[in-house]
Amino acid sequence: MEGPSISSRVRRLRPSVTVSVAQRARALRAAGEDVIGFTLGEPDFDTPKIIKQRAIDALLAGRTKYEATLGDPATREAICEKLTRENGIPGLTREHVGVSAGAKQALYVVLHCLFDPPECGGEPQEVLLPTPTWVSYEPLAELAGARVRRLATTREDGFRISASRLAEAIGERTRLVILCTPSNPCGTVYPEEDLRAIADVVAEASRSRAPGLMVLVDEIYEKLVYGGVKHFSLGSIPEISERVITINGLSKAYAMTGWRAGYCACPGAFGLELMRAMATLQGQISTNVTSFVLAAIPAALREAGDEVERMRRTFAARAERMSDRLRAIEGIEALPTQGAIYAFCDVSAHFGKRSAGGREISSALSFSEALLEEQKLAVIPGEDFGPPGERHIRLSFACSEETIDRGLDRLDAFVRSLR
Ligand code: PMP
Ligand code: GLU
């Protein structure tokens, strides 16, 4: 008899590079190394007090029991109201909304509700994934049984997929398109006109070759936009709103990464069916999110606007600082950040060189590793974001301007040392 073993599905699953590089930097720091981390997309602010107070009040009042799986009615209502008022998504009721332990769990549960694993028979259905994009979509979609087709974008196109390329890519087996705007890792934002053109393509394809087509839009960075750039929700376009699953969460805008509060929504009859399916699946995995976290969600959405704006302004100043400084570093190409909390830099001009410590620089990974070893600056290598991420590194500016300066001094020194 063979000994205990881990499932091949999970053995094949690649770890999240964003999480693992951040953990490595944290471990080096704990061991006394002077490491600067531009790694995690984790706001460095504390959660606004009003939000904490609601959770504390609920906890002290004894809100410590199981709750409805997708959240209590008042919390779902607050989310529904927010998505209707701020995002313009039509036709939502609280029954079209579900709360999960972070946007990550919402994504996991949604994907499992949409796809069948191969053992269920039939041809695998397809996810179209414009890249570079956040590291978790592809592994989670594959885990759910989908086949992922990457659609590489370019810096010249602002790392956005055009409606015409999407139209060409959608085939009979396409079940889902995943978009992330503002983009992690690219820092770019889809303008309204691009999303309207994409909506036309989705409407046309769903009337013909892809009747089951849906679009999942991750809007977790929606409030972190800079320089007058506006976020627009694809789900607000009435012609396709019932085909759009909007994912969002409180981690970024409200500085609540540790709380694990995310949600998703989809209007229409299928939206209701999806929420029922999600309730069944989540009911077998984790049931509700922490009861007193639920109490804080309406407070965040309704009462923390000023705090969110204060944090956004700080991020805007950091984005500008980082863009300005990066422009002066040799062989680093980056678009100015329009949204999210990242600068995405093409470092391929340095491939083929050697570092002062004798390391060969042939990829984003080797660039990042040498940078960490020799200059104690941790960044995320772009390979796992999908093409052309392999030529890029991602720098998170969820840190003070002083840290940005010190970190970029190190990047500059590193680049100058390359021969
Ligand atoms: N989507 C994107 C684009 C992200 O960058 C992240 C990282 N936090 C998530 C979803 C997951 O967020 P959370 O699970 O903390 O809500
Ligand atoms: N999303 C954040 C990032 O990309 C946090 C880590 C993760 O969940 O991937 O850095």
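All ligand and atom numbering here is 1-based and tracks the order in the structure.
A ring-centre distance under 6.0 Å is not found for F159 and Y190. Aromatic ring centres of F270 and H96: separated by at least 6.0 Å. Side-chain rings of F414 and F367 approach one another, their centers coming within less than 6.0 Å. For Y342 and F385, the gap between ring centers reaches or exceeds 6.0 Å.
The Y137 neighbourhood of ligand 1 comprises atoms 3 (C), with distances under 4.0 Å to a heavy atom of that residue. Less than 4.0 angstrom separates some heavy atom of N184 from each of these atoms of ligand 1: 3 (C), 4 (C), 5 (O). Which parts of ligand 2 touch G41 is read off a 4.0 Å heavy-atom cut-off, strictly below it: atoms 2 (C), 3 (C), 10 (O). Each of the following atoms of ligand 2 lies closer than 4.0 Å to a heavy atom of L40: 5 (C), 6 (C), 10 (O). Proximity to Y342 (heavy-atom distance under 4.0 Å) selects the following atoms of ligand 2: 2 (C), 3 (C), 4 (O), 10 (O). Of all the atoms in ligand 1, the ones that sit under 4.0 Å from a non-hydrogen atom of D218 are 1 (N), 2 (C), 3 (C), 10 (C). Close approach to R260 involves these atoms of ligand 1, each under 4.0 Å from a residue heavy atom: 13 (P), 14 (O), 15 (O).
By the criterion of a heavy-atom distance under 4.0 Å, neither the backbone nor the side chain of Q105 is placed next to ligand 1. Under 4.0 angstrom from ligand 2, the non-hydrogen atoms of T18 all belong to its side chain. Under 4.0 Å from ligand 1, the heavy atoms of C180 that appear belong solely to its side chain. At a heavy-atom distance under 4.0 Å, no atom of Y108 approaches ligand 1. By the criterion of a heavy-atom distance under 4.0 Å, neither the backbone nor the side chain of E42 is placed next to ligand 1. Within the 4.0 Å heavy-atom criterion, the part of N184 lying near ligand 2 is the side chain and not the backbone. The residue E42 has no part lying near ligand 2, judged by heavy-atom distances below 4.0 Å.
Defined by atom type and a distance below 3.5 Å, a donor-acceptor pair is missing between the side-chain atoms of T287 and Q282. Using a 3.5 Å distance cut-off with no hydrogens or angles, the side chains of S291 and E67 do not pair a donor with an acceptor. A side-chain donor-acceptor contact under 3.5 Å links S366 and S363. Of the N and O atoms on the side chains of T188 and Q338, not one donor lies less than 3.5 Å from an acceptor on the other residue. In this model, a donor atom of one side chain and an acceptor atom of the other lie less than 3.5 Å apart for S16 and T18.
Summary of contacts: the protein heavy atom closest to atom 15 (O) of ligand 1 is S251 OG, 2.6 Å. The shortest contact between atom 12 (O) of ligand 1 and any protein heavy atom is with I220 CD1, 3.4 Å. Among all non-hydrogen protein atoms, the one lying nearest atom 11 (C) of ligand 1 is W134 CH2, 3.6 Å. The protein heavy-atom contact nearest to atom 7 (C) of ligand 1 is K252 NZ, 3.1 Å. At the shortest separation from atom 2 (C) of ligand 2 among protein heavy atoms lies K252 NZ, 3.4 Å. Ranking the protein heavy atoms by distance from atom 8 (O) of ligand 2 puts K104 NZ, 2.8 Å first.
Open room surrounds CD1 on I6; 12 or fewer heavy atoms of other groups in view lie less than 6.0 Å from it. Other residues, nucleotides and ligands place more than 12 heavy atoms under 6.0 Å from the CD atom of E193.
For ligand 1, the polar-atom distance check finds no N/O of Y342 at less than 3.5 Å from any of the ligand's N/O atoms. Looking at A103 next to ligand 1, an N or O pair under 3.5 Å apart turns up. Considering both main-chain and side-chain atoms, R394 comes within under 3.5 Å of ligand 2 through a nitrogen or oxygen pair.
Listed here is the closest heavy atom pair of A378 and A25: CB-CB, 3.8 Å.
Listed for the R76 side chain is a donor-acceptor partner under 3.5 Å among the backbone atoms of V97. With T246 contributing its side chain and V217 its backbone, the two residues share no donor-acceptor pair below 3.5 Å.
Residue contacts with ligand 1 do not include T257, since none of its heavy atoms lies under 4.0 Å from the ligand. Within the 4.0 Å heavy-atom shell around ligand 1 one does not find G249.
Note that CZ of R359 is 5.0 Å distant from CD of E373, once rounded to the nearest 0.5 Å.
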